[in-house]
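So you know, we letter chains A, B, ... as the sequences are listed, proteins then strands, and number each from 1. Heavy-atom basis, side chains included; hydrogens, waters and symmetry copies ignored.
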Number of protein chains: 2
Amino acid sequence: MLQLTKRTEYGLIALLHLANSEGRVVPVREIGERFPLPKRVLAESLKDLGRAGIVESQRGAAGGYWLARGAGQITLGEVISALEGAPTLTSCQDLGASNARGQCEVQPVCPIRSPLTRLRQGIWALLEGTTLRSLANPSLTPADLLAAAGSPLSSPLGDQPAA
Amino acid sequence: MLQLTKRTEYGLIALLHLANSEGRVVPVREIGERFPLPKRVLAESLKDLGRAGIVESQRGAAGGYWLARGAGQITLGEVISALEGAPTLTSCQDLGASNARGQCEVQPVCPIRSPLTRLRQGIWALLEGTTLRSLANPSLTPADLLAAAGSPLSSPLGDQPAA
DNA sequence: GGCAATTGGCACCAAATGGGTGCTAATTGG
DNA sequence: CCAATTAGCACCCATTTGGTGCCAATTGCC
C-alpha cells in the first residue's frame with residue numbers, strides 16, 4: 001500500500017516542530033502537548049530517528065531532542081528509511097532486509113522487476129530531493145519537487161543560499 | 001508502507017503479458033502457465049481491472065481478457081487505483097473512502113497535512129505520467145520518468161508519435 | 001442438448017503488519 | 001535523593017493482506 005505509517009507521520013510532525021525550535025532542547029512531552037498524539041508512539045519514533053542519526057538527544061531531567069543537522073540537510077528519504085524502511089515498491093526488491101528465504105519464484109521470467117526498479121529509483125529521487133525545509137516551504141509546488149528530484153546533485157530544495 | 005500489494009504486482013505482470021498479446025483473447029490459464037503465480041489471485045486482479053475498465057473480457061469456452069486500450073493509454077496510476085486504491089500517503093487524505101468516523105484529531109494544528117498533500121501530488125504525477133508502454137521500454141531512465149511527470153499534459157511517455 | 005472451459009461474485013480463513021501499551025533500566029539536573 | 005527524561009524490550013489487539021472454496025453465468029464445440 002502506498003501509504004506512510006503513523007510512526008512516520010508522527011516522526012515528521014516531531015521533526016518539523018524541532019526545526020521550529022532550533023537552539024533548544026525539546027522534550028517529548030512538549031511535542032505531545034502541542035499535538036494530540038499518543039506520546040508513547042511519538043517517543044518510539046524519536047528513538048528511531050536518534051538511532052538513525054537524524055536527531056540527537058540528551059537524557060536526564062532537562063533532556064530532550066534536537067535536529068542533528070539543519071532542516072535543509074535532512075531529506076524525506078532518510079526519515080522514511082529510518083522509520084519504516086526504504087521504499088521497496090515490491091517485496092522482491094527489499095535487498096537490505098533478511099531476504100533469506102530464497103528469491104521470488106517469478107524472478108527468472110519476471111517482466112516487471114526491472115521496470116519497477118526504475119520507478120522505485122524515480123520515487124526515491126523524489127524523496128531524497130525533498131528536505132524538511134522544502135517540505136515546510138508552502139510556496140513549493142509538486143512540479144517544483146519533481147524538478148528538484150530530476151537534478152538531485154545540483155541543488156536540493158531548501159539548500160539555496162539564504163537570500 | 002511504500003510497497004505495492006501482490007494483487008498489484010500480479011495485475012501488472014498480467015497487463016504486460018496482455019500488451020504483448022495484442023489482437024488475441026488471453027485466458028487466465030495462459031498467464032498462469034507462463035508465470036508461476038497463484039492463478040486464483042491473478043484471476044481476482046483481472047476481475048478488478050475489468051471492473052475499472054482497463055481490460056475487457058469475454059466469458060465462455062474461448063473467453064479471456066485483452067487490453068481495453070493501447071498500452072500507451074494505460075497509466076500506472078489508474079492500474080494502482082484499480083487494484084489497491086489511489087496512493088494516499090497519509091490516512092487522513094483518503095478522501096474517497098468512507099471517512100465517516102470524523103476527521104483526524106491533529107488536523108486543526110497539523111503541520112504536515114498540506115506539505116504531504118503536495119508530495120502526494122508529485123508521486124501521483126509520476127504514476128500518471130508512466131504508461132504501460134513506458135514501463136516496458138527499458139531505455140527510459142528514472143530521470144525520464146520524472147521529467148515526463150513534470151509536464152504530464154504535453155506528452156505522456158509512450159505516446160510519442162511512432163517514428 | 002450437453003459438456004467443458006471460462007469469467008463473475010461472494011464469503012471465508014490464516015498469516016503478516018501496524019498501532020499501541022507495560023514495564024523497567026539508565027541518565028542527569030536540582 | 002528525587003523527579004524528569006531518554007533507552008530498550010516484550011507483548012497484545014485490530015486491520016490488512018494473501019490466498020482458497022464454492023457456485024453461478026456464459027459460451028464455444030461436439
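- Between the side chain of R113(B) and the main chain of C92(B), a donor-acceptor pair closer than 3.5 Å is present.
- Under the 4.5 angstrom side-chain criterion for Ile, Leu, Val, Met, Phe, Trp and Tyr, W124(A) has no cluster partners at all.
- Taking the nucleotide of DNA chain C with the nearest heavy atom to each of K39(A) and G60(A), the more 5' of the two is matched to K39(A).
- Nearest nucleotide to the side chain of V41(A), out of dG20(C), dA3(D), dT27(D): dG20(C).
- When distances run from any side-chain atom of A61(B) to the nucleotides dT6(D), dG19(D), dA5(C), the shortest one goes to dA5(C).
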Could you write out DNA chain D as a dot-bracket string, with dots for unpaired bases, | for bases paired across to another strand, and Watson-Crick or G-U pairs counted at under 3.5 Å? ||||||||||||||||||||||||||||||
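- Heavy-atom distances to DNA chain D give each of P38(B) and V26(A) a nearest nucleotide, and the one nearer the 5′ end belongs to V26(A).
- What you find for I54(A) and V79(A) is that their closest heavy atoms are CD1-CA, 3.9 Å.
- Comparing dG8(D), dG8(C), dT5(D) by their closest approach to the side chain of R51(A) singles out dG8(D).
- The distance from atom CG of L2(B) to atom P of dG18(C) is 11 Å, rounded to the nearest whole Å.
- If R59(A) and A62(B) are placed on DNA chain C by their nearest nucleotide, the residue sitting closer to the 5' end is A62(B).
- Atom CD1 of I80(A) and atom P of dG18(C) are 14 Å apart (whole Å).
- As a whole-Å value, the separation of R24(B) CZ from dT6(C) P is 13 Å.
- The closest side-chain heavy-atom distance from L89(A) to T117(A) is not below 4.5 Å.
- One atom, CD of Q58(B), and another, P of dA25(D), lie 18 Å apart when rounded to the nearest Å.
- Among the protein residues, E44(A) comes within range of the nucleic acid bases, having at least one heavy atom under 4.0 Å from a base atom.
- For K47(B) and dC10(C), the NZ to C1' distance is 9 Å, given to the nearest whole Å.
- With hydrogens and angles left out, the side chain of R40(B) and the base of dG21(D) share a donor-acceptor pair within 3.5 Å.
- Distance CZ (R29(A)) to P (dT5(D)): 4 Å, rounded to an integer number of Å.
- Put simply, the side chain of L18(A) does not reach to within 4.5 Å of the side chain of W66(A), judged on heavy atoms.
- Annotation: side chain of S57(B) is not in contact with side chain of L46(B) (no heavy-atom distance under 4.5 Å).
- Annotation: the span from T75(A) atom OG1 to L135(A) atom CG amounts to 10.0 Å, rounded to 0.5 Å.
- The closest side-chain heavy-atom distance from I80(A) to L127(A) is below 4.5 Å.
- Side-chain nitrogen and oxygen atoms of S57(A) include at least one within less than 4.0 Å of the OP1 or OP2 phosphate oxygen of dA7(D).
- The shortest distance between the side-chain N/O atoms of Y10(A) and the OP1/OP2 oxygens of dG18(C) is not below 4.0 Å.
- When heavy atoms are screened at a 4.0 angstrom cut-off, G50(B) is found touching no nucleic acid atom at all.
- What separates CG of L49(B) from C1' of dT7(C) is a distance of 14 Å, to the nearest Å.
- Distance, K6(B) NZ to dA15(C) P: 17 Å, rounded to whole Å.
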